[in-house]
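Encoded as structure tokens, the structure appears first; notes follow it.
Order of appearance sets the numbers: ligands from 1, and atoms from 1 within every ligand.
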Amino acid sequence: MPAHPASPGNAETHLFLCLKDNYGVLVHDKATGATAAIDAPEAAPVEAALAATGWQLTDILVTHHHGDHTGGIAELKQRHRCRVVAPRKEAAKIPEPDVAVAEGDSVNVGELAARIIETPGHTLGQINYFFPAAKLLFAGDTLFSIGCGRVIEGTPDVMWQSLLKLRALPDDTRLYCGHEYTAANIRFAVTIEPDNAALAARADEVRRQVAAGLPTIPSLLGEEKRANVFLRADEPAVAAAVGLAGAPPAQVFAEVRARKNRF
Ligand SMILES: [Zn+2]
């Protein structure tokens, strides 16, 4: 897959598939040459991405402890002597962490600064890496394009509060997520919001991307706010669509998530 257009400033990204439907992504600081892998599903595709770009791996930024995000860490660390940054609340479940971070902490990739945002729900310790100057969000398995992660360790209420934290970020933030689930997410979302024009527009775009063999991410957070039903549980139309008009948004979110699980 091709590298994506340059971010503002010195950040460059390179996206690639891992395992069955996981994404790996490299973040590169042109000023210093530092390069981070966001998660490491498996080592070989990360090595191939490094070879394709000519970048040197300096850091692995881990979002959460699941094996399909951490399976390549040990091999990559041994080969590249890179630093492993892990969520503090699940550092014990992650191979060889060097730095453990939590809500509000900063972490740098060279001169590129990221802020840590904790979003419990998919796992209890999941973190996101938000690069405000580069306008990049690496959301792991919390927020997908037109979807969200399964609520495995938290409760729907906790997950909804986590999604609200990401929804508060600027519209021009580019969202990188952990999986290519977008087309399947759209098939579900239109069952809840058949008349959402932003969702229909995104469906057209994804159809073209898939037909061209292109990834559907990154997406713009502003578009997700308009089209992603999991960020819209406080919209009266969404509540009404699931038979919960007037109910608290967390309850609406729980119902939407439950329907997706059965879809
Ligand atoms: Zn996961």
Side-chain angles (χ1 to χ4, degrees), residues 15-27 36-46 59-76 84-97 100-103 107 114 116-130 136-167 175-185 188 215-219 224 228-231 253-254 256-258 260-263:
L15 181 74
F16 50 97
L17 280 168
C18 296
L19 302 171
K20 182 166 149 275
D21 52 29
N22 279 74
Y23 274 123
V25 57
L26 300 178
V27 182
I38 310 298
D39 290 329
E42 52 180 341
V46 178
D59 303 274
I60 301 174
L61 308 183
V62 183
T63 63
H64 68 294
H65 69 82
H66 286 158
D68 63 328
H69 294 254
T70 59
I73 291 174
E75 192 177 332
L76 289 166
V84 176
V85 179
R88 184 174 300 155
K89 288 177 180 164
E90 44 196 56
K93 297 177 177 174
I94 288 162
E96 304 179 48
V101 293
E103 177 75 25
V107 59
I116 305 303
I117 301 171
E118 291 187 340
T119 55
H122 178 69
T123 66
L124 285 178
Q126 154 109 40
I127 59 174
N128 302 252
Y129 296 87
F130 174 53
L136 297 169
L137 172 65
F138 298 96
D141 286 358
T142 295
L143 179 62
F144 298 129
S145 184
I146 319 297
C148 75
R150 279 178 186 266
V151 183
I152 297 173
E153 296 180 9
T155 64
D157 188 48
V158 162
M159 185 70 161
W160 171 244
Q161 295 304 322
S162 291
L163 291 172
L164 289 179
K165 289 168 80 174
L166 300 185
R167 196 177 74 174
L175 167 68
Y176 284 85
C177 53
H179 290 271
E180 179 59 72
Y181 291 159
T182 314
N185 288 340
F188 168 73
T216 65
I217 70 162
S219 61
E224 295 295 330
N228 186 335
V229 66
F230 294 96
L231 295 178
F253 170 79
V256 174
R257 186 59 256 184
K260 174 67 165 64
N261 292 349
R262 296 193 300 265
F263 185 71

Check: G147 main-chain N/O paired with N228 side-chain donor or acceptor under 3.5 Å: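 Yes.
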When you measure from the side chain of D59 to the backbone of V85, do you find a donor-acceptor pair of N or O atoms at a distance under 3.5 Å?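 Side chain of D59 to backbone of V85, a donor-acceptor pair under 3.5 Å: no, none is there.
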Tell me every residue that passes side-chain hydrogen bond (donor to acceptor under 3.5 Å, both in side chains) with [X], counting only those two or more places apart in sequence or in another chain.
| X | answer |
| --- | --- |
| E180 | Y23, T182, T216 |
| K89 | E118 |
| N185 | none |

Do H69 and Q126 have a side chain donor and acceptor closer than 3.5 Å?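 No, Q126 and H69 have no side-chain donor paired with an acceptor closer than 3.5 Å.
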Using 2.8 Å as the cut-off, count the protein N, O or S atoms closer than that to the Zn ion (ligand 1).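 Step by step: take the Zn ion (ligand 1), keep protein N, O, S below 2.8 Å, and you get 4.
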